[in-house]
Structure formats: C-alpha cells, structure tokens
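Just below is one structure, and these are the notes that go with it.
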Amino acid sequence: MSTFPRISLRPEVTDYLKNVFLNKEVLAAVGHQEAESRFQRLLTCLSHPPSYTCVRASTHLAPLEEIRQKLGEELKKQQMCTSTEKEVSVQILPHPRIPDVLLLPVDGPRPVEQLSSEVVVGAQCGSAVLRGANVFVPGILASPKFMKAGDVVSVFSDLEGRCTRGATSFQGMRGFVGNGVAQIDRSGIFCTDVAAKGVGVRMVEPLYQSPSFDGVLPNLAFLQNLPSVVVGHVLGPLPGERILDMCAAPGGKTCHIAALMRDQGEVVALEKIKNKIDRIRQNAKMLQLNSVKVYCFNSTKAVSSDSAQEHEGPPFPAESFDRVLLDAPCSGLGQRPSMSCTWSLKELCSYQPLQRKLFHAAVQLVKKGGVLVYSTCTVTLAENEEQVAWALETFPCLTLQPQEPHIGSEGMLGAGLSPEQLHLLQRFSPELTWDQTGAAAPLPYRADRDTIGFFIAKFLKK
C-alpha cells in the first residue's frame, strides 16, 4: 500500500535510474509496460519500510528458541508500558531457511489522525521512526513555538532537506510518520549552549508499528537487514579460517562472520574512517567475539609487496586469506525507507572506480581456491552486474559460484551477462513484488521479497 510520495530524487538521477531499469535487455525480455511498472514501484517502495523487522540472533551464545522466548518477553514488557490493551502479543517467527534469523511483522500503515501541533524532523530521523525508533533531539528541525514536555505532537519528515533548524513551522514537502509525546521543552532543543541529547519525542502512535530495540538483549538480538545476514552465510566461513572484511563498519557483518566460525579462527576487519573503529570493537566485545581484529586502514592499499613481512596488521602479503568479503562503499540506493536522496548524478556515479580499486586488492588477497564475496546495498547496474562482468573479464582466475541460501532474485539484465551467470547472482529486488504480494502470504515468503535493495556475487579464485 502506498502511503508516502515516491522517493525524492534530483531529476537527472531519476532519468539515470529510468534508463537503467528500462535498458534494452530488460525491454526485450519483459516489454516496456512491465519495465516501466517495475521502475515506478521501485521509486515508491524505497520510501516505505519493509513489512517486517529482521533480527540476527547470537546463536553462538544461546539456542535460537531461547533467544526467541527472551526477546518475546522483553518486547511484551515494552509494549505493556505503552499499550492500553490488557492482552499484549508479540509475533516472532524463525526464518525457515536461515538458522539465526528471527522475523517480526511490521503493522502498518495504521490509521493515525494528524494533529495541529507539529514537529518536523530530518529525513534520516523520519526513516528511523518508520523502523520503530523514537525521535532523538538531534533529529528535530522544527517544533511549535511554545512546545512543552508532555505535549502530544504529530511528527513529519522533511523530504527535501529544506526545513531550517529552529523553525516554528514548515510547509514544504514532508511525510507524516506518526504521533508522539514531547519529552523536552522547545527551549531545551534549540536554545541551549550545549547540544541536547536523548529522546525528544516518544512515539506513541507511529504510522508503522515496529518494536524499539533500544537496549533490548543487546548481546543476543542484533538488528540487521535480511540480505546483510544472507551475505555472511553466502561467504560460508569455517572454523579455523582467516577471513578479511575489507570495509567493515559498523561491524555487523564482521561479527556475524566470527559467530558463524564459532569464534575459532581470525576475522580481520579493515575500516579507513577512524571514528568508526570503536563501534566495530564495541560490537565484537558485546557479542563476546575474541577472533575479531580491527585496524584503521584503507583497503585499496591493503596488499603488501613484501611476502615475508612479520607484522600481523595491514598491509598483507598476497593470498593471505581463505575468504574475503568486499561489502563495498556504494550509492546506497537500496536502503529503505528512504524518503529523499539529494545526491547529484556525479556523486551517484562516483563509486564504481573505488569499487574496482578495492576489487583489485581483494583478488590479490584471497588465496587460490578461496572465496571472494562482493556485495552492495544499491540498485544500479554500474555498481552490481556491470562490476561482475568487468571482474570476470579482468580476472580470468575468478569464476562465479552458486550461493546458499539463495532467497533473492537472480541478477538483472543489462550488463551482457549470460542467463547462467545471472542465475548465480543474487539481487534483492523489492520492486518485483512490492504491493503485489498478498498480506495472506506467509511472513517468511513476504520477508524474502519485501527487503531493502541489495546485491551479492560469489566468486572462487582458481
């Protein structure tokens, strides 16, 4: 069901994406009408949240069923504090094919009446609210002039980034995300010398009802999009192996790899942005994973020319790792919900060269007979299937491999890959079934299809 406008993009970006999704190969396969319909569904579904919340369970610490029961108890306590109903039920389902995933249905869009007192938040904050978060003070852009703690307000997301911080009202393009109770006076938000923190609006009637996981079983239940969990399983790490995660922040995939190895072996996490390093270490410590080693380093320079080096950190000699994950920096156009993206076409197209530099390093660092997995959270051909076509031509030592699990769609037409090659790729394409998969369908069926946009390719180095 469409509740918000399509994702707000610059006109040149919309035209670029339209040319991608209506390329000659796609048109020849499905026709213009279906291709155009898919593209329009993509623009609409990107601004809406998926129909479920995915939780990766720390099954290296406790059995899945035990985690499911504890999570249910914690979420019931949370809901009893905010609900007026005597009976509170929380539905948590195990994924039928992925042994460390729990699925929670999202209730929405719900019939919530808009109020006259309005708070405006940034697009990123608005997207977080749609996934179950409260409104934190730094995300608030505008509020009523005399707003006091305890006031009931409607919360709107600024879709085009045009609201001035500190405004008392805003009439630009915006999206309603629900109602909440102000936790702080307006003066505490905008009129202090020290930036305020904490919850600014506690959501009591969100448009999409989803549990808040703030402080809930932090070492047992890890919020992660389903395709991001699939990546770890596709990589297939084994106990005792040495694994490289080339672009590791915030560390979710790094920790998942270590957990799949039962913390036996070594997972090297590289991240070039210094202030993101602590987050990876904190996640590993919280999940009791000692096999993770984190370094602040640019992965494009991770290959050492000294094959006899003795230090354990980067750069590394060639063929140092059994498996390499290149979850590459990308344009991120598959993230949901995303009501707005202000990037220019130049910014959007800037990632392909960087991804190829990282690919060169990845191929050198993986051992012969080793596995390289490449993934992105975007929907473009240039960053996904075209990169695969380039890699197969540039590195004759690479061959595509089947993926397990394979719960997404196959690769997208348009990069000149063969049907056999496309079948080996995994593209999570919500536009293929969004707003068409019936609510009566089993949750796991919907969950596999109503995801963020994501892409995975698995290679073997001969």
Side-chain angles (χ1 to χ4, degrees), residues 1-10 13-22 26 30 33-54 103-110 123-124 126-132 157 159-160 173-178 206-210 224-228 230 330-343 348 376-381 383-384 407-412 426-441 443-456:
M1 178 179 175
S2 178
T3 304
F4 306 116
R6 302 182 319 174
I7 182 174
S8 176
L9 302 169
R10 292 191 181 187
V13 173
T14 301
D15 291 342
Y16 170 79
L17 288 176
K18 185 171 184 177
N19 288 331
V20 169
F21 280 81
L22 276 71
V26 169
V30 304
Q33 184 175 351
E34 174 59 19
E36 176 69 31
S37 177
R38 289 180 182 180
F39 176 61
Q40 295 302 327
R41 288 202 301 268
L42 173 72
L43 296 181
T44 303
C45 78
L46 287 178
S47 65
H48 293 68
S51 58
Y52 66 94
T53 295
C54 176
L103 300 170
L104 293 80
V106 173
D107 179 19
R110 302 158 72 233
Q124 187 174 2
S127 296
V129 170
L130 292 176
R131 298 298 297 263
S157 178
L159 300 184
E160 296 182 317
M173 186 177 288
R174 57 198 189 151
F176 175 61
V177 297
L207 193 62
Y208 283 83
Q209 182 76 56
S210 183
Q224 196 166 17
N225 287 304
L226 181 61
S228 297
V230 171
C330 69
S331 56
L333 284 177
Q335 293 290 2
R336 294 175 59 197
S338 178
M339 297 185 189
S340 175
C341 178
T342 59
W343 285 7
L348 182 70
T376 74
C377 58
T378 195
V379 298
T380 68
L381 274 174
E383 298 173 79
N384 295 329
I407 60 175
S409 304
E410 62 180 27
M412 182 177 170
Q426 186 163 198
R427 179 185 268 257
F428 289 84
S429 305
E431 75 280 358
L432 294 181
T433 55
W434 193 80
D435 217 14
Q436 295 181 335
T437 303
L443 179 63
Y445 178 88
R446 285 182 282 138
D448 291 350
R449 288 151 182 78
D450 191 10
T451 66
I452 64 170
F454 205 87
F455 178 83
I456 309 173

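Every heavy atom of this structure was used, including side-chain atoms; hydrogens, water molecules and symmetry mates were not. Everything numeric in this text was worked out from a predicted model, so none of it was measured.
- The shortest distance between side-chain heavy atoms of P105 and Y52 does not fall below 4.5 Å.
- Q40 is linked by a side-chain contact (heavy atoms from CB on, under 4.5 Å) to R6, E36, L43, counting only residues two or more places apart in sequence or in another chain.
- For S331, the side-chain hydrogen bond (donor to acceptor under 3.5 Å, both in side chains) test picks out T378, E383, with sequence neighbours left out.
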Begin from the C-alpha positions of F39 and L22 and carry the test side-chain contact (heavy atoms from CB on, under 4.5 Å) through to its verdict. CA-CA 8 Å; F39 176 61; L22 276 71; 4.0 Å; yes
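- To the nearest 0.5 Å, atoms CG (L333) and CH2 (W343) are separated by 7.5 Å.
- In this structure, NE2 in H48 is found 11.5 Å from CD1 in I7, a value given to the nearest 0.5 Å.
- Between V230 and F428 the shortest side-chain heavy-atom distance falls below 4.5 Å.
- Nearest heavy-atom pair across A123 and S340 is CB-CB, 4.4 Å.
- Within 6.0 Å of CD on Q124 lie no more than 12 heavy atoms contributed by other residues, nucleotides or ligands.
- Closest heavy-atom contact between R336 and T451: NH1-O, 2.8 Å.
- Looking only at side-chain heavy atoms (C-beta outward), R446 and P50 stay at 4.5 Å or farther from each other.
- A distance of 10.0 Å separates CG of L207 from CG of D107, quoted to the nearest 0.5 Å.
- Take S210 and apply the side-chain hydrogen bond (donor to acceptor under 3.5 Å, both in side chains) test, not counting sequence neighbours, and it matches T53.
- For R41 and S37, the side-chain atoms include at least one donor-acceptor pair closer than 3.5 Å.
- Of all heavy-atom pairs between R427 and T380, the closest is NH2-O, 3.4 Å.
- To the nearest 0.5 angstrom, I407 atom CD1 is 6.5 Å from Q426 atom CD.
- Taking all atoms of both residues into account, the shortest heavy-atom contact from S338 to S127 is CA-OG, 4.0 Å.
- Applying the side-chain contact (heavy atoms from CB on, under 4.5 Å) rule to V20 yields the partners Y16, L381, M412; only residues at least two apart in sequence or on another chain are considered.
- Q335 pairs by the side-chain hydrogen bond (donor to acceptor under 3.5 Å, both in side chains) definition with nothing, not counting sequence neighbours.
- Side-chain contact between F21 and V379 is present, with at least one heavy-atom pair separated by less than 4.5 Å.
- The shortest distance between side-chain heavy atoms of M339 and L130 falls below 4.5 Å.
- Evaluation of the side-chain hydrogen bond (donor to acceptor under 3.5 Å, both in side chains) rule for S228 yields no partner, not counting sequence neighbours.
- Across all their heavy atoms, A35 and V30 have their closest contact at N-CG2, 3.9 Å.
- Rounding to the nearest 0.5 Å gives a distance of 12.0 Å between CG of L432 and CG of D450.
- One finds the CG atom of L159 at 8.5 Å from the OG atom of S47 (value rounded to the nearest 0.5 Å).
- Contact detail for V177 and S157: the closest heavy-atom pair is CG1-CB, 4.4 Å.
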